[in-house]
Amino acid sequence: MIRLLVIGALLLTPTVATAAPPGCNPLYIYKATITRVIDGDTVVANIDLGFDTWRNNERVRLHGIDAPEMRGDERQAGLRAKAALAGAIEGRRVIVCTIPDRNGRDRTGSFRRYLGRIFTVEGQPFSINAWMVLRGFAKPYAR
């Protein structure tokens, strides 16, 4: 009988929601899987919108950073940035925090890519955007 009461109490205890990553609005946080890395600041993701609804093959531009281009004089640095980003998140589950526009929609930049911050969920969570800058594969985006 006591065991049933304990189990019942555990089932009725509300779970604590995980805190939003720093700088992210809780309304714009999505679980995702990175399916491909395009370059050092753009990825392709399958994004879980909840209730078994997915947006597949969505391009996400890492907000606030600028990685070297994949062509021209920056090609070698661009290839290194792409390889670093792919090694960190390609094929892995992540959290994508999109940037809202003034109308409350997920903001897109050039080429209709969603702008977002990406956080790892495996191991110690960290910001991929900041990691790319700290490792020297990208620089803060100057507007």
Side-chain angles (χ1 to χ4, degrees), residues 3 5-143:
R3 200 174 347 179
L5 289 174
V6 170
I7 292 171
L10 289 174
L11 290 174
L12 294 175
T13 303
T15 57
V16 177
T18 3
C24 291
N25 182 326
L27 297 176
Y28 299 90
I29 297 174
Y30 306 96
K31 295 177 187 176
T33 301
I34 303 301
T35 59
R36 186 164 61 115
V37 172
I38 302 292
D39 58 26
D41 53 25
T42 306
V43 299
V44 177
N46 292 340
I47 302 172
D48 181 0
L49 302 177
F51 297 105
D52 204 24
T53 303
W54 289 78
R55 292 289 303 252
N56 292 318
N57 299 313
E58 290 293 340
R59 288 183 183 225
V60 178
R61 166 81 162 72
L62 277 67
H63 182 261
I65 71 168
D66 187 26
E69 297 300 321
M70 296 286 294
R71 57 189 176 282
D73 294 343
E74 296 181 317
R75 179 168 171 71
Q76 291 306 313
L79 290 171
R80 284 191 297 276
K82 177 182 178 179
L85 186 58
I89 61 173
E90 193 169 59
R92 294 196 170 102
R93 292 178 304 146
V94 297
I95 297 294
V96 174
C97 299
T98 59
I99 309 302
D101 66 14
R102 64 176 178 230
N103 297 317
R105 290 180 286 224
D106 297 306
R107 192 165 88 195
T108 56
S110 58
F111 308 109
R112 294 186 56 188
R113 299 173 294 185
Y114 288 102
L115 300 177
R117 294 182 187 97
I118 297 179
F119 294 84
T120 62
V121 294
E122 298 169 2
Q124 181 67 30
F126 60 89
S127 165
I128 289 296
N129 303 45
W131 182 83
M132 289 293 287
V133 172
L134 290 172
R135 294 288 177 119
F137 295 114
K139 57 187 175 192
Y141 184 73
R143 294 183 186 252

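Here Thr33 contributes atom OG1 and Glu90 contributes atom CD; the two are 12.0 Å apart, rounded to the nearest 0.5 Å. Note that the CD1 atom of Ile65 and the OG atom of Ser127 stand 8.5 Å from one another [nearest 0.5 Å]. For the atom pair CH2 (Trp131) and CD1 (Ile89), the distance works out to 9.0 Å, reported to the nearest 0.5 Å. One finds the NZ atom of Lys82 at 10.5 Å from the OG1 atom of Thr42 (value rounded to the nearest 0.5 Å). Once rounded to the nearest 0.5 Å, the distance linking CZ of Arg113 with CZ of Arg59 reads 8.0 Å.
Two residues are said to be in side-chain contact when any heavy atoms from C-beta on lie closer than 4.5 Å; Cys24 and Phe119 meet this criterion. A heavy-atom distance below 4.5 Å is not found between the side chains of Arg102 and Arg107. When side chains are defined from C-beta on, Val94 does not count as touching Val121, because their heavy atoms never get closer than 4.5 Å.
Side chain of Asn46 to backbone of Asn57: a donor-acceptor contact under 3.5 angstrom is found. A side-chain donor-acceptor contact under 3.5 Å links Tyr28 to the backbone of Gly104. Using modelled atom types, one side-chain atom of Asn129 and one backbone atom of Ile118 make a donor-acceptor pair closer than 3.5 Å. No donor-acceptor pair under 3.5 Å is formed between the side chain of Asn103 and the backbone N or O of Arg105. Side chain of Thr98 to main chain of Gly116: no donor-acceptor pair is present (N/O by atom type, distance under 3.5 Å, no hydrogens or angles). A donor-acceptor pair is defined here as one N or O able to donate and one able to accept, closer than 3.5 Å; such a pair exists between the side chain of Glu74 and the backbone of Glu69. Looking at Arg75, its side chain does come within 3.5 Å of a backbone N or O of Met70 through a donor-acceptor pair. Side chain of Thr35 to main chain of Val44: a donor-acceptor pair is present (N/O by atom type, distance under 3.5 Å, no hydrogens or angles). Looking at Asp41, its side chain does come within 3.5 Å of a backbone N or O of Ala67 through a donor-acceptor pair.
Nearest heavy atoms, Val37 versus Asp39: CG1-O, 3.2 Å. Closest of all the heavy-atom pairs between Pro21 and Ile29 is CD-CD1, 3.7 Å. Between Val96 and Ala32, the closest heavy-atom pair is CG2-CB, 3.8 Å. A pairwise comparison of heavy atoms in Pro140 and Val133 identifies CD-CG1, 3.9 Å as the closest pair.
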Test side chain to side chain contact (heavy atoms under 4.5 Å, CB included) applied to Arg55 and Leu49, step by step: CA-CA 7 Å; Arg55 292 289 303 252; Leu49 302 177; 3.5 Å; yes
Could you go through Glu58 and Tyr114, starting from their C-alpha distance and side-chain angles, then the distance that decides it, and tell me whether this counts as side chain to side chain contact (heavy atoms under 4.5 Å, CB included)? CA-CA 8 Å; Glu58 290 293 340; Tyr114 288 102; 3.2 Å; yes
Decide yes or no on side chain to side chain contact (heavy atoms under 4.5 Å, CB included) for Asp106 and Ile99, but give the supporting numbers first. CA-CA 6 Å; Asp106 297 306; Ile99 309 302; over 6 Å; no
Dump the intermediate steps for side chain to side chain contact (heavy atoms under 4.5 Å, CB included) on Ile95 and Lys31, then the final yes or no. CA-CA 5 Å; Ile95 297 294; Lys31 295 177 187 176; 4.1 Å; yes
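Taking a 6.0 Å sphere around CG of Asp73, one finds it holds 12 or fewer heavy atoms contributed by other residues, nucleotides or ligands.
A salt bridge links Glu122 with Arg92: the distance from a Lys NZ or Arg NE/NH1/NH2 to an Asp or Glu carboxylate oxygen falls below 4.0 Å.
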